[in-house]
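Before any comments, here is the structure.
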2 protein chains.
Amino acid sequence: MRVERFMSGLALILLALVGAGVAHAEDGYALWLRYRPVGQTWDARYTAAATQLVPAGGSATITAATSELNRGLRGMLGAVPGQAASVSRDGAILYGTPANSRVIAALDLPLKGLGNDGFVIRSVRVNGHRATVIAANSDVGVLYGVFRFLERMETREPLAGVDVRDAPKLKLRMLNHWDNLDRHVERGYAGLSLWDWFTLPEWKAPRYTDYARANASIGINGTVLNNVNANPDILRPRFLKKVAALADVFRPYGIHVYLSANFGAPVAIGGLKTADPLDPKVQAWWKAKADEIYRLIPDFGGFLVKANSEGQPGPQDYHRTHAQGANMLAAALKPHGGIVIWRAFVYSAQNSEDRAKQAYSEFKPLDGKFADNVMVQVKNGPIDFQPREPFHPLFGAMPHTPLMMEVEITKEYLGFNTHLAYLGTMWAEVLDTDTWQHGQGTTVARVLEDGKGTGLTGMAGVSNIGNDRDWTGSEFDQANWYAFGRLAWNPQGSAEAIARDWTKMTWGENPQMVDAIVGMMMESREAVVNYMTPLGLAHQMATGHHHGPGPWVHNLSRPEWNPVYYNRADANGIGFDRSATGSDAIAQYAPHVAALFGSLNTVPDKDLLWFHHVPWTYRMRSGQTLWDSLIDHYDKGVATVAQMQRTWALLKPYIDKQRFDEETAFMEIQHHDALWWRNASIAYFQSLSKLPLPAGHAEPPHDLRYYEAIKTPYAPGQAE
Amino acid sequence: MRVERFMSGLALILLALVGAGVAHAEDGYALWLRYRPVGQTWDARYTAAATQLVPAGGSATITAATSELNRGLRGMLGAVPGQAASVSRDGAILYGTPANSRVIAALDLPLKGLGNDGFVIRSVRVNGHRATVIAANSDVGVLYGVFRFLERMETREPLAGVDVRDAPKLKLRMLNHWDNLDRHVERGYAGLSLWDWFTLPEWKAPRYTDYARANASIGINGTVLNNVNANPDILRPRFLKKVAALADVFRPYGIHVYLSANFGAPVAIGGLKTADPLDPKVQAWWKAKADEIYRLIPDFGGFLVKANSEGQPGPQDYHRTHAQGANMLAAALKPHGGIVIWRAFVYSAQNSEDRAKQAYSEFKPLDGKFADNVMVQVKNGPIDFQPREPFHPLFGAMPHTPLMMEVEITKEYLGFNTHLAYLGTMWAEVLDTDTWQHGQGTTVARVLEDGKGTGLTGMAGVSNIGNDRDWTGSEFDQANWYAFGRLAWNPQGSAEAIARDWTKMTWGENPQMVDAIVGMMMESREAVVNYMTPLGLAHQMATGHHHGPGPWVHNLSRPEWNPVYYNRADANGIGFDRSATGSDAIAQYAPHVAALFGSLNTVPDKDLLWFHHVPWTYRMRSGQTLWDSLIDHYDKGVATVAQMQRTWALLKPYIDKQRFDEETAFMEIQHHDALWWRNASIAYFQSLSKLPLPAGHAEPPHDLRYYEAIKTPYAPGQAE
């Protein structure tokens, strides 16, 4: 009787907690670190392997690792194991470095060659007890190992007999935030900037720590806090104090802070008359600024610079080269161990050369001229983060310069936050492509893994993170943040395996559901390519915000800002001739690749109109005409979205209401937008080709004028 | 043994839930509707009074009431009572209208005179059982009663023998959102606009419902979604569909949607050549627009209009009066039951009359000229939401026109979100002031409660709500949203009682803690007045963003935009002479009040420099010189903040970590800012008075030039 009453009391409390839980449940804040109860199948097994925490050392990083283990185990297993100074029972988790633990040192683990960030997770016996050791050469490596350990539980991998040895293939795994000082995020679709400059440095919101946790969980170790279109004010003491407060929060998680530096800062805020990199006063100003920064932030990472690009100041304003500009900044940072990341994204207002060629033309001759603490940051493709681009010709073409690849995690050109488009496949496509620059097998991934003797390797992703509750504006956009981190850790990773891990952690373990979601993700980016820019088309988006179609736009002030510059469509045909008969952009690739892209016989269909101008009636290798194939692709894109909607509808029983409803609404928007893209594009191209649609394909329901009149004012993420 | 294992399993689940709970706990999202467990003292008592839910009727509003009861009781008592069609056990809660329940009708409750929104909560016997009835004349009244019932539990009031009969004194209790279509909130310090126009109407985020719940819980029944500086695009079909989606979400909670209408819309988006209110085409355009809106939103509330004010278009552009403009819109809305709310906040670029007089001068002559579905919205004071202003002279001065009072919940002039300033005291101060316009006792509250035969009464608050997790940018700013609702319901309410209720619901029931927090709140606004604008000073804020001091600013294009216009400080003295020897603004008040304000013998110290220009050496009634008193007030303001910090520090054991830490940081900012205000203001005024500081008061640590040079770029909330 008394037991019953006690039980009923417990039940009440349970109900209350469930109630409280439900109110907050599954709003996306937890990201992939949800740590939900593992359920009966796994509970006993995992619990047996997590009975005791034995940390080695007491650094802030080890404390963070302990805190994460407590959080994860409490969430997944319902209990926090006790902490001990040494392994004293079966199921202990021992974590640390050989330097801080004689026990770990004595295990003689294969830590050599794992560098600073690698780790070993292994089932061992210590003091006669079963234990799992998580060891590394540094505390940050230990933290990475702890996150991997927890991820194994989240993805329901066995812990018994675990034997993992892993290390990142790239040294710098970095987010680029295009966040302005007024908290507007350029190309941001997830609310305001996370950085609340107004309440920093006094208020270090807990969310900053959760940001660091999420990044550390996927190995991201650098963050550029401000927009590459850089406001010089970030370098003023007032803001540097705020930057330092963030760096303090991120430090235990192994994340270094970088800043975008405005090359004109010595003039804008330094009171100098010039920013000429060869001027001693300018050099002294930057040296003093670097010294000032490092006094506040001893582990400051360095500067990211967008120079002489889209109106930004740069060394060419003083008739100096990019190398001279970069090296001047590098000299200021060098004594402190900082680096310069110099963007190769340049195209000139004066230069009439094919825009796709200009970065290569500008930077290739500078190979070997950069200081050893300079990296050149190259976008994945030669234009600008389009749904599909061939790889950038600079990859493999600068044998003496460490290159960092820049990808755009935020979906500026892929439907913002409301279109489901998993970008892991896009990035893997580029990374896996063979540049042939040093013979077969010189994939982009391998180019990136080569530090050219400097040890500097890396990958940067333009962040899709904002202050929306779910961080990225949609659940599925979290996958792109996650996939970026995983691919930056291992550029040879599998996009599908990454999608699968993310899905299990984000949506749950039901295998049918996981298969369905991974299936949707894997085809999602191709769907976007198909309904927006099939067959190698690019940059067909509306002006400014890049939301929706604008293939007809031709009146912008610079030719290469107009979609017609890219589609070159007229009564006869469509496509940009970059073969030897055209701009000859193909000549920037290795001969094998140039030959592949340069010939209509070998160019992949997906890149056809990127490299060639062909008649509407051009016969594809499939036998279809180009025109019919184009229409087919648009409709295929729309159909894939419709299919994703049907799949998603079936998942209702498996998914919590809020996340299910939101994605349902977003897919409704995506389907609407996909149809809009399809109809508007066909209406425009048909106005030139004058060809009928192939049988079974519906005419656009409105005339071209209707689509041209659609405006999307107040679209989020615009450049200010 | 088996029981033990079951218990231990339960304990595990409990721990997991506690863990999950802690991760999300107390981030402010729940507002005052936290519904935390009531604890042992109250559990049995409340549980006995909440054993069964017996709703009458099945409207969306009654469903919302049931849902709220379930949420509240689950949170506070740990269990959801069963639902039944009739009272069948002791402790039932019966709620509905007599029209929908013969049982309620038979109880013969005193519902007469309670109108649409009033309610009765009473302990009764039904079918021989103890029950609580929550009854009203409409379902919305029932919902209000349900929220009041839950509030009694949240504030630990007894339920046994409950007998509450209440109704709002004002008909319209309304939020004004100054939200732009790009989601920037003018004078917003809590992130972006809640309204995510980009994903509406497809995605109706759950937060929209929580917004409606919070408002309904304090009786707010109207919301103007967009900025009074109105973008005409809100009236386009594309946006009206989105507005309708929000209206659908809000409707069950008794909240009507209003829009700010741009008077120039017929020209801007209607293709007309004029917006002249007497032009039949203009009248037809607005009529058609109103018809279009009501087709989408049958219960649309009406238009709020800022006309011929700070650059907005208006009827005066066509040499028509405000009444002619308002009546034209009113005619379009009238057939649908909509109203026009016309702002009296006008001051002319041409008019050199004391700005404090202009609204009265403009509107007083129009009394009696407005249609019967027009209200005139008057700010609490004659200038613009300053930390302290005397009441607006229009209150009581328009006997034939229903007036709505507009207050600013968002702290544009009171330190944004980081200064603790409870505004309940400020609003109560105005509401309680006697205008003497119709003899003694004609308080502002009574003026507002008089609908002048139209039945239209109301109060509007400029929202402080954004998409920050805690809604208002700080915990304490939630109190201002709450207090606004409570005072709009009952303008004669007590600011302290409201603060006490809010504190219990928001921070917890510990009486010492509650006393301490209420104490802080009650003195907080006076502290701001003291360190910013003591003794009747006003508008001394820096330009544009209004953050920090700028008493020296004199070079803005319009005289009345400059702080020197308001302080009129020079070598001889300080203050704005609005007495008969000056601008004679006092003449706009009733004779008794004019005499009070007009004489140095009777003017309250707090209003001294608002109404009088006096020498620095002027002898106050206290015996102090004005100069010494001024310094005293600045220092008192700073000292009060320091005292609040000390009090807050003592509260650490009572308060959860995140909320405690945040407020600690914010108070650090507030203290810094208070000192800045004090030092900058003294440095400036001392540069004119040349007087030494009284003994015991420290000199400003920097010279005036230092303070003048401080800039706050990127401050949040600026007008765009």
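Letters go in sequence order (proteins before strands), and every chain restarts at 1. Worth knowing before you read on, the calculation uses all heavy atoms, side chains too, and leaves out hydrogens, waters and symmetry mates.
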* To do: With a 4.5 Å cut-off on heavy-atom pairs, point out which of B:L192, B:T712, B:L73 contacts chain A the most.
  => B:L192

* To do: Examine whether an atom of A:H547 lies under 4.5 Å from a heavy atom of chain B, and if so say whether it belongs to the side chain, the backbone or both; otherwise answer neither.
  => side chain

* Structure fact -> Applying salt bridge (Lys or Arg N to Asp or Glu O under 4.0 Å) to A:K657 and not counting sequence neighbours gives A:D661

* Asked: Can you list the steps and then say if B:N231 with B:N226 is a side chain to side chain contact (heavy atoms under 4.5 Å, CB included)?
  -> CA-CA 8 Å; B:N231 187 323; B:N226 61 319; 6.0 Å; no

* Using a heavy-atom distance cut-off of less than 4.5 Å, which residues of residues 663-671 of chain B contact chain A? -> B:A665, B:F666, B:E668, B:I669

* Asked: If you count heavy-atom pairs under 4.5 Å between each of A:L181, A:D196, A:N467, A:D182 and chain B, which one has the most?
  -> A:L181

* For A:N180, check side-chain hydrogen bond (donor to acceptor under 3.5 Å, both in side chains) against everything at least two apart and list the hits. => A:N227, A:E720

* Hey, which of A:Y189, A:Y35, A:Y714 has the most heavy atom pairs under 4.5 Å with chain B? -> A:Y714

* Would a line drawn from the ring center of B:W195 to the ring center of B:F239 be shorter than 6.0 Å? -> no

* To do: Quick one: do A:E26 and A:R659 satisfy side chain to side chain contact (heavy atoms under 4.5 Å, CB included)? Show the steps, please.
  => CA-CA 7 Å; A:E26 305 296 11; A:R659 295 194 298 172; 3.6 Å; yes

* Compute the ring centroids of A:F198 and B:F416, then answer whether they are less than 6.0 Å apart. => yes

* Does any heavy atom of chain B fall under 4.5 Å from the side chain of A:T418, the backbone, both, or neither of them? -> side chain

* To do: May I ask you to name which of B:D233, B:D210, B:N417, B:N70 has the most heavy-atom pairs under 4.5 Å with chain A?
  => B:D233

* To do: Return the minimal non-hydrogen interatomic distance between B:V185 and B:S193, and the atom names on each side.
  => CG2-N, 3.4 Å

* Structure fact -> Note: A:L200 and A:W203 closest approach over all heavy atoms is CD2-O, 3.5 Å

* Structure fact -> So, the part of A:D468 with a heavy atom under 4.5 Å from chain B: the answer is side chain

* Side chain / backbone / both / neither for B:R238 at chain A, heavy atoms under 4.5 Å -> side chain

* **Which residues share a side-chain hydrogen bond (donor to acceptor under 3.5 Å, both in side chains) with B:Y707, sequence neighbours left out** => none

* Check B:A245 against B:K204 and note the closest heavy-atom contact, atom names and distance. => CB-CE, 3.9 Å

